[in-house]
K.L.:
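For reference, the structure I am asking about is given below.
Note that the structure is a prediction, hence the values are computed from the model and not measured. Counting starts at 1 for both ligands and their atoms, following the listed order.
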Amino acid sequence: MPTLPAPVIPVQLLDLAAQHAPIQAEMEAALQGVLRAAAFIQGPAVGQFAQELSQYLGEAEVIPCGNGTDALQLALMSLRLPAGAEVIVPAFTYVATMEAVAILGLRPVCADVLPGTFGLDPAAVAAAITPRTGAIIAVHLFGQCADLGALTRLARQHQVALIEDNAQAIGATYQLADGPPAVAGTVGEVGTTSFFPSKNLGALGDGGALFTRDPARATYLRQLANHGQTRKYYHEHIGLNSRLDTLQAAVLRVKLRHLPAWTAARQQVAAYYDAALTELPGLRIPVRDPRSTHVFHQYTITVAPDRRDALQAYLREQGVPSVVYYPVPTHLQPAYQYLGYRAGQFPVAEQLCRTVLSLPIHPCLDQEQQQRVVEAVRAFSS
Ligand SMILES: *Cc1c(COP(=O)(O)O)cnc(C)c1O
């Protein structure tokens, strides 16, 4: 295989420095405002950010919290499920989706995903539902919605709650059978997101939020996220200390204004990759569900299992980083052995762990860097 000339500007998986450069002054001013006002916990920027994010999400209620994992835990707490209730989670996702279930003493029940979109397979979910099922957590993996149409129908039919883990798909929309496109994270009983720095809307540290269209649930979630208090020192519920820092909220207000442009830039990179990589033998570009937009948190290809690691090694040699999200399916993680799952039970998830590879995608990937990624992948594949 050819060795390509060294790229002029190194290709990075994530380039927060480049992304921040044009808004550095705005972010510094926002941070200084908080420093001067010295209201670090639940300062005004938290409520302002929640309001602005709510507008962006089509007026859903937004409840800021400490991080995306807490958001999942709070979402589950708000359902008041009995101890030991089952919660269906994808066998292919980031572990937090499952961790939040287990930490509450609920039982994670894995279900397989679809090979194209990587989202929960509705048929697998239907087969996993029992009288003990309390909720389904759909993950909009890599930036595209799971099959929200089928999953909402299933949840309604079986009277179980639908939680959307929207840590990777903020701003994506989904066309349900009727009505205008629905906003990811606002379709189920509760949606959750993360502002971990590498997410599409990232803070300068940890942060998260919940979404709901039910005002009563929003009130309950706000209390749960703040020690279960209804007013200061009156604790009606057992809650968490999970609040979004005012400093983070101030920065997120600045960054939210740029999110639509950043999303568009990610989609442009994806379109370029799609066109350049679509015909390559043994390689599949991301499958687009026509009902969903895709905000490309990741651009994830699949390649033959016996070629994947070699492709990754070749890309690395050519100065192109890539990542396997995720190498181990949730049901085979050592921490979850107690659930009694075996290899072979969720074949699609297991196969994806052997075949996926995420290529660099971020809003500041310039034309030359994109070309380098494409050339390296093509050089390996031809
Ligand atoms: C990042 C992520 C989380 C966890 O968010 P944190 O803010 O890191 O706790 C949960 N689910 C998915 C799908 C994620 O990508």
Side-chain angles (χ1 to χ4, degrees), residues 13-14 16 49 53 62-77 87-104 108 110-111 113-114 117-120 135-146 148 151 162-172 184-185 188 190-211 221 225 240-245 247-249 251-252 255 266 292 294-300 323-331 333 335-336 349 352-353 356 358 361-362:
L13 283 168
L14 186 70
L16 287 177
F49 169 63
L53 184 56
V62 171
I63 302 96
C65 68
N67 59 67
T69 309
D70 279 3
L72 284 162
Q73 187 175 333
L74 289 160
L76 288 162
M77 287 164 76
V87 178
I88 297 174
V89 299
F92 187 66
T93 178
Y94 182 56
V95 74
T97 314
M98 183 161 183
E99 193 175 37
V101 177
I103 205 81
L104 288 171
C110 295
V113 296
L114 295 165
T117 59
F118 315 130
L120 267 180
I136 301 165
I137 308 184
V139 180
H140 303 320
L141 205 67
F142 303 149
Q144 182 170 233
C145 293
L148 278 172
L151 293 171
L162 179 67
I163 294 174
E164 297 173 74
D165 179 346
N166 199 32
Q168 300 188 5
I170 194 153
V190 200
T192 66
T193 201
S194 162
F195 305 122
F196 187 84
S198 65
K199 306 286 164 143
N200 287 24
L201 178 60
L204 305 181
D206 281 308
L210 297 115
F211 316 138
L221 284 167
L240 297 183
N241 173 3
S242 185
R243 297 169 298 221
L244 181 66
D245 269 10
L247 283 165
Q248 300 302 347
V251 166
L252 285 166
K255 293 182 105 181
R266 286 174 182 274
S292 180
H294 199 321
V295 297
F296 284 99
H297 177 59
Q298 299 296 341
Y299 185 94
T300 304
V323 187
V324 174
Y325 297 117
Y326 298 94
V328 181
T330 51
H331 66 289
Q333 291 287 358
Y336 297 92
L352 289 174
C353 291
V356 287
S358 295
I361 191 163
H362 58 77

K.L.:
Which atoms form the tightest heavy-atom contact between Ala169 and His140, and what is the distance?
P.N.:
CB-CB, 3.6 Å
K.L.:
Taking 4.0 angstrom as the limit and counting only heavy atoms of Val139, give me the atoms of ligand 1 inside it, by number and element.
P.N.:
13 (C)
K.L.:
May I ask you to decide if Gly66's main-chain N or O and Ser242's side chain share a donor-acceptor pair within less than 3.5 Å?
P.N.:
yes
K.L.:
Restricting to non-hydrogen atoms, name the atom on Ala91 and the atom on Val113 that form the minimum distance, rounded to 0.1 Å.
P.N.:
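Closest approach of Ala91 to Val113, heavy atoms only: N-CG1, 4.5 Å.
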K.L.:
Any idea which of Ala167, Gly66, Gly68, Gly202 brings a heavy atom closest to atom 6 (P) of ligand 1?
P.N.:
Gly68
K.L.:
Is the shortest N/O to N/O distance between Thr93 and ligand 1 below 3.5 Å?
P.N.:
no
K.L.:
Suppose we measure from atom 11 (N) of ligand 1 to each protein heavy atom; which comes out shortest, and what is that distance?
P.N.:
Asp165 OD2, 2.7 Å
K.L.:
Would you mind listing which atoms of ligand 1 come within a distance below 4.0 Å of any non-hydrogen atom of Ala96?
P.N.:
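Those atoms are 4 (C), 10 (C).
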K.L.:
Are Phe49 and Phe195 an aromatic pair, judged by ring center distance below 6.0 Å?
P.N.:
yes
K.L.:
Restricting to non-hydrogen atoms, name the atom on Ser358 and the atom on Thr300 that form the minimum distance, rounded to 0.1 Å.
P.N.:
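That closest heavy-atom pairing would be OG-OG1, 2.8 Å.
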K.L.:
Is the closest heavy atom of Lys199 to ligand 1 under 4.0 Å?
P.N.:
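Under 4.0 Å: yes for Lys199.
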K.L.:
Does atom CG of Leu16 have more than 12 heavy-atom neighbours from other groups under 6.0 Å away?
P.N.:
yes
K.L.:
Based purely on interatomic distance, does Gln168 place a nitrogen or oxygen under 3.5 Å from a nitrogen or oxygen of ligand 1?
P.N.:
yes
K.L.:
Measure the distance from atom 9 (O) of ligand 1 to every protein heavy atom, then report the residue, atom name and distance (to 0.1 Å) of the closest one.
P.N.:
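Of the protein heavy atoms, Thr69 OG1, 2.5 Å lies nearest.
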K.L.:
If the plane angle is over 60° it's perpendicular, under 30° parallel, otherwise tilted; pick one for Phe142 and Tyr325.
P.N.:
tilted
K.L.:
Under 4.0 Å from a heavy atom of Asn67: give me the atoms of ligand 1 that qualify, with their elements.
P.N.:
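Result: 7 (O), 9 (O).
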